Amino acid sequence: QERLVESGGGLVQPGGSLTLSCAVSEFTASFYSYGWFRQAPGKDREGISCINNSDGTTYDTDSAQGRFTISRDNASNTVYLQMSDLIPEDTAVYYCAAAPLPAKALCHLGPSGLIDYWGQGTQVTVSS
């Protein structure tokens, strides 16, 4: 059974919006945080936004650029990434991850390969 399953990716026009979902199983303890990352072709994976499961506080990296918002629904064990004003440079495979770390640490350690729990990714393509 997959423990992190992303969905909601697809093709969207520039300026459009999209909401990604990550269904979480097993990593539901309060000491976990969840994060969204992306990897564009030929580029390193980068953190976007992360959220503490304990209290819902969030941490955004510069990549969030005020256009991306992370949230969670504890009732359904789902983590969301709302994306708006999308541009072609947002085209990437988007991944969610979980770790027993504060959100800020997850966001910065995620790209380093030190985080063990990842989803399979969902493709987002921004194009007219």
Side-chain angles (χ1 to χ4, degrees):
Q1 179 184 0
E2 295 183 352
R3 295 175 285 186
L4 296 165
V5 181
E6 302 96 334
S7 62
L11 175 64
V12 61
Q13 292 188 342
S17 300
L18 205 60
T19 296
L20 306 181
S21 301
C22 176
V24 180
S25 61
E26 292 195 33
F27 309 117
T28 57
S30 62
F31 54 79
Y32 276 95
S33 63
Y34 311 114
W36 283 99
F37 301 79
R38 67 184 180 185
Q39 188 164 18
K43 295 188 176 182
D44 293 334
R45 189 170 299 187
E46 61 177 356
I48 304 171
S49 296
C50 297
I51 187 167
N52 289 304
N53 193 35
S54 58
D55 59 6
T57 53
T58 62
Y59 177 80
D60 293 333
T61 71
D62 291 342
S63 297
Q65 299 178 352
R67 299 183 293 118
F68 295 174
T69 302
I70 190 171
S71 62
R72 83 205 191 300
D73 179 0
N74 283 346
S76 62
N77 291 329
T78 304
V79 182
Y80 301 99
L81 183 69
Q82 295 175 277
M83 306 186 293
S84 62
D85 298 322
L86 286 164
I87 58 177
E89 289 75 17
D90 294 321
T91 295
V93 179
Y94 285 71
Y95 299 90
C96 70
L101 295 169
K104 182 177 180 180
L106 172 59
C107 261
H108 288 291
L109 287 177
S112 69
L114 296 177
I115 303 301
D116 292 331
Y117 308 119
W118 294 91
Q120 81 289 351
T122 186
Q123 175 71 46
V124 172
T125 302
V126 183
S127 176
S128 56

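On a predicted model such as this, the values are computed, not experimentally measured, just so you know.
Of the possible donor and acceptor atoms, one in the side chain of E6 sits under 3.5 Å from a partner among the backbone N and O of C96. In this structure, D60 contributes its side chain and G66 its backbone to no donor-acceptor pair below 3.5 Å. Formation of a donor-acceptor pair under 3.5 Å by the T61 side chain with backbone atoms of G47 is found in this model.
Under a hydrophobic-cluster definition in which Ile, Leu, Val, Met, Phe, Trp and Tyr are linked whenever side-chain heavy atoms come within less than 4.5 Å, directly or via other members, M83 and V126 are assigned to the same cluster. In the hydrophobic clustering of this structure, I48 groups with L20; members are Ile, Leu, Val, Met, Phe, Trp, Tyr whose side-chain heavy atoms approach within less than 4.5 Å, directly or through other members. Taken together through direct or relayed side-chain contacts under 4.5 Å among Ile, Leu, Val, Met, Phe, Trp and Tyr, V93 and I115 form part of one hydrophobic cluster. Two different hydrophobic clusters hold V12 and I87 under the rule that ILVMFWY side chains link at heavy-atom gaps under 4.5 Å. Residue L101 is grouped with residue Y95 when hydrophobic side chains (ILVMFWY) are merged at heavy-atom distances under 4.5 angstrom, including chains of intermediate members.
For the ring pair (Phe, Tyr, Trp, His ring centres under 6.0 Å) condition, the pairs that include at least one residue of residues 97-128, sequence neighbours left out, are F27-Y117, F37-W118, Y59-H108.
A 4.5 Å side-chain heavy-atom check between C50 and L106 finds at least one atom pair inside the cut-off. Within the 4.5 Å cutoff, the side chain of T78 has heavy atoms near those of the S21 side chain. Two residues are said to be in side-chain contact when any heavy atoms from C-beta on lie closer than 4.5 Å; S63 and F68 fail this criterion. Using a 4.5 Å cut-off on side-chain heavy atoms (C-beta onward), N74 and T28 make no contact. For the pair R72 and V24, the minimum side-chain heavy-atom distance is 4.5 Å or more. Annotation: side chain of Q65 is not in contact with side chain of D85 (no heavy-atom distance under 4.5 Å).
Looking only at atom types and distance, the side chain of N52 has no donor-acceptor partner in the side chain of S54 under 3.5 Å away.
Grouped by direct or indirect side-chain proximity (heavy atoms under 4.5 Å, Ile/Leu/Val/Met/Phe/Trp/Tyr only), L11 sits alone.
With sequence neighbours left out, the side-chain contact (heavy atoms from CB on, under 4.5 Å) criterion links A75 to D73.
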